There are 2 protein chains.
Amino acid sequence: MTQKKNITFDDIAQYTHFSKTTISRYFNNPDSLTLENQQIISDALVKLNYKENKVARILANGKTEFVGILIPNLYLHYYSEMLNQILATYETYGYKFLVFIGHENAETERQYIQELLAYKIEGLIVLSHTLSSRELADLQIPIVTIEREDQYVCSINTDNYMGAIQATSLLARHNCDILIHINTPTADNIPAYGRIQGFMDFCKENNIKNRIFCHKTENTYDSSLQYLKDILEELETTYTGMRKGIFVSNDTHANILLNLIVRKYGRLPDDYYIIGFDDSPVAREAVIPISTIGQQIDRIANEAVSLLVSQMNERKKRKPVPLKEPIHKTITPILIRRETTEKEDLPENR
Amino acid sequence: MTQKKNITFDDIAQYTHFSKTTISRYFNNPDSLTLENQQIISDALVKLNYKENKVARILANGKTEFVGILIPNLYLHYYSEMLNQILATYETYGYKFLVFIGHENAETERQYIQELLAYKIEGLIVLSHTLSSRELADLQIPIVTIEREDQYVCSINTDNYMGAIQATSLLARHNCDILIHINTPTADNIPAYGRIQGFMDFCKENNIKNRIFCHKTENTYDSSLQYLKDILEELETTYTGMRKGIFVSNDTHANILLNLIVRKYGRLPDDYYIIGFDDSPVAREAVIPISTIGQQIDRIANEAVSLLVSQMNERKKRKPVPLKEPIHKTITPILIRRETTEKEDLPENR
DNA sequence: TTGTATGCGTTATCAG
DNA sequence: CTGATAACGCATACAA
């Protein structure tokens with residue numbers, strides 16, 4: 001006994017002897033009906049098994065409540081957790097998200113954006129790096145980017161510089177003889193460059209001997225492994241006997257380095273101090289839990305959506321005042337101390 | 001100099017002196033126009049900077065090309081990778097995905113489903129475990145589930161049983177004195193139960209001494225850590241000197257166990273053989289790369305969407321023939337041998 | 001508090 | 001090959 005077809009306001013109107021408009025008001029402005037009539041309609045809805053149709057509503061009022069998300073991948077925990085947190089804001093703001101994975105291909109991403117525009121998204125959150133903020137700004141819709149080049153659009157970023165200072169100063173406090181920073185080539189107009197700058201500035205200001213490794217790697221595990229093997233060898237030969245404080249630009253690489261050391265010595269020798277960045281699960285789950293700079297992904301996601309929502313709301317006003325300047329907001333990361341820097345937590349004590 | 005408003009077919013029609021209908025045909029059935037006229041319209045589109053509006057199209061033809069996804073979380077790599085692969089099928093089928101994270105809360109999930117229905121999704125992919133397949137089937141829309149209870153709906157699952165056989169037989173081939181299986185309580189109507197069943201059956205058939213640990217843990221790292229610590233202690237005391245082959249039900253737990261052992265001995269002793277399940281990144285990135293049963297997430301995702309698409313297509317026919325019985329498809333996992341079972345790959349050789 | 005008429009931007013039906 | 005007209009389901013001025 002399947003339903004004949006979709007129930008519409010017309011059907012309800014007929015059934016209740018009200019007009020379509022009244023039915024519509026029941027949903028959008030129920031207080032304008034008598035309690036009695038609200039009840040009548042309410043009963044009719046269940047009786048007829050009405051299912052609302054938001055597509056029709058969109059066409060009529062222009063508000064899709066769609067937000068587009070452009071994200072490079074979900075492989076890195078950082079991105080999947082960010083997506084998770086963004087999606088969770090549905091509870092707060094009610095916006096639905098259309099997600100596209102860009103895979104770092106500019107043409108594909110442009111095509112995705114067109115598709116999103118066709119669905120009349122009200123705003124766009126961009127985590128991909130492929131398209132310039134100039135090009136994004138030309139889209140003429142509210143946009144917020146996260147941790148990427150952001151000159152012409154609003155953005156939320158981690159305070160990478162401060163994170164680097166925290167990491168470096170922690171290593172310094174442990175009286176390391178030399179501070180090492182391991183990274184990969186990073187443009188100086190993206191937030192992550194702060195990790196390098198912060199390290200450099202701190203070492204310079206405090207007159208600490210230091211060294212930066214910054215070579216290109218493929219984006220694969222094997223390539224990273226080889227990169228870190230080479231670095232470890234260099235460290236072992238050049239800085240023998242010195243206490244080495246190593247600030248690695250991300251937890252995945254920190255973990256690889258740690259594993260290489262542990263496999264060589266069966267433990268983390270006293271002359272190695274390591275700290276990563278991101279607070280990925282891999283840092284906590286490492287053979288020796290890795291100290292790290294924790295990005296507050298939940299806060300970043302919430303601020304991003306909040307900033308986007310305020311722009312979208314502005315647009316709905318009678319006389320929208322577009323932002324003169326893009327707003328850039330920064331979230332301070334959190335130092336998380338684990339065993340790779342706090343040597344008193346020995347395995348035996350656990 | 002911003003555009004006055006959205007350009008519609010009407011504007012294009014006026015501009016080109018065609019009718020709305022012809023403009024519509026240009027998009028949906030261009031061959032029915034002369035090449036000449038196609039060109040005229042095409043030129044007008046760029047001149048007027050037309051942006052298509054799929055919401056209006058949906059309302060007119062009823063095809064949203066939306067598919068809903070209900071997923072428990074994105075914290076586990078398994079889920080985020082599955083989502084990634086599902087989203088990637090956009091390239092093949094063109095369906096857009098509306099994603100909701102259920103967080104294992106039945107009421108929330110029901111509410112999400114209502115929202116999805118309001119957006120007239122054409123089908124639904126469910127990875128959450130909270131709602132029974134009975135309840136899902138009542139939704140009366142095409143549904144495919146992945147790795148969960150699936151009695152009344154179509155599903156794609158990993159062949160967990162076969163995976164367990166592969167894992168267990170690999171351990172057996174290494175002449176282990178005792179085979180251990182570590183798991184958590186699992187209902188026997190969900191696919192993952194096959195991991196336990198396969199282990200038991202293989203041991204029984206081959207008359208191998210074995211033991212199963214299957215206690216409840218919180219879903220936290222610390223709780224898992226404690227669980228595995230207890231197990232390790234038990235193994236060390238009860239099976240001293242025996243060669244232990246351990247099949248852990250997932251890579252995260254396998255990694256925790258491995259780390260406990262490595263921290264104790266500085267290496268993986270010869271009497272331990274370990275294999276996990278899932279092929280998560282953590283298995284490859286472990287201090288000693290962990291052998292595992294690799295779920296073919298890409299294939300599962302593709303089969304799931306493909307199965308869903310075929311149902312959705314059937315629905316669009318004049319005389320749809322609904323499935324008499326739900327279709328269940330199974331994907332065989334792949335044995336991935338790494339160092340925790342192939343001891344000849346010693347650290348020194350790498 | 002309720003109803004009428006019209007619009008949202010496209011597709012479908014039926015002519016020509 | 002092209003066009004007029006009626007859906008699609010709801011929202012919103014404007015009236016009453």
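Keep in mind that this is a model prediction, so the values were computed, not measured.
Helix bend of the helix from C:dT1-D:dA16 to C:dG16-D:dC1: the angle between its two end axes, each built from five pairs, comes to 30° after rounding to 10°.
A donor-acceptor contact closer than 3.5 angstrom is absent between the side chains of B:N53 and B:N6. Using modelled atom types and a 3.5 Å distance limit, the side chains of A:Q295 and A:T158 yield a donor-acceptor pair. Counting only N and O atoms by type, the side chains of A:N37 and A:T34 include a donor and acceptor under 3.5 Å apart. For the 3.5 Å distance criterion, the side chains of A:Q151 and A:S133 fail to qualify, holding no donor opposite an acceptor. In the model, A:Q111 has no side-chain atom that pairs as donor or acceptor with a side-chain atom of A:E107 under 3.5 Å.
When each of B:D31 and B:A60 is assigned the nucleotide of DNA chain D bearing its nearest heavy atom, the one mapping closer to the 5' terminus is B:D31.
For B:N53, taking side-chain heavy atoms from C-beta onward, the closest of the listed nucleotides C:dG9, D:dA11, C:dT2 is C:dG9. Taking only side-chain atoms of A:T8, from C-beta outward, the nucleotide of D:dG9, D:dC1, C:dT10 with the closest atom is D:dG9. Comparing C:dT1, D:dC10, C:dC8 by their closest approach to the side chain of A:N37 singles out C:dT1.
Taking the six-membered ring where tryptophan is involved, the planes of A:F66 and B:Y119 are tilted, since the angle between them lies from 30° to 60°.
The distance from atom CG of A:D11 to atom C1' of D:dC10 is 13 Å, rounded to the nearest whole Å. Note: CG (B:L59) to P (C:dT10) measures 12 Å, nearest angstrom. A:D10 has its CG atom 13 Å from the C1' atom of D:dA11, to the nearest Å. For B:N61 and C:dT10, the CG to C1' distance is 8 Å, given to the nearest whole Å. Rounded to whole angstrom, the span from the NZ atom of B:K54 across to the P atom of C:dC8 amounts to 22 Å. Rounded to an integer number of Å, the gap from CZ of A:F9 to P of D:dG9 is 11 Å.
A heavy-atom distance below 4.0 Å to DNA chain C is reached by these residues of residues 15-29 of chain B, ordered by number: B:K20, B:T21, B:S24, B:N28. Residues from residues 110-118 of chain B with heavy atoms under 4.0 angstrom of DNA chain C: there are none.
Going from atom OG1 of B:T89 over to atom OH of B:Y95 covers 10.5 Å, rounded to the nearest 0.5 Å.
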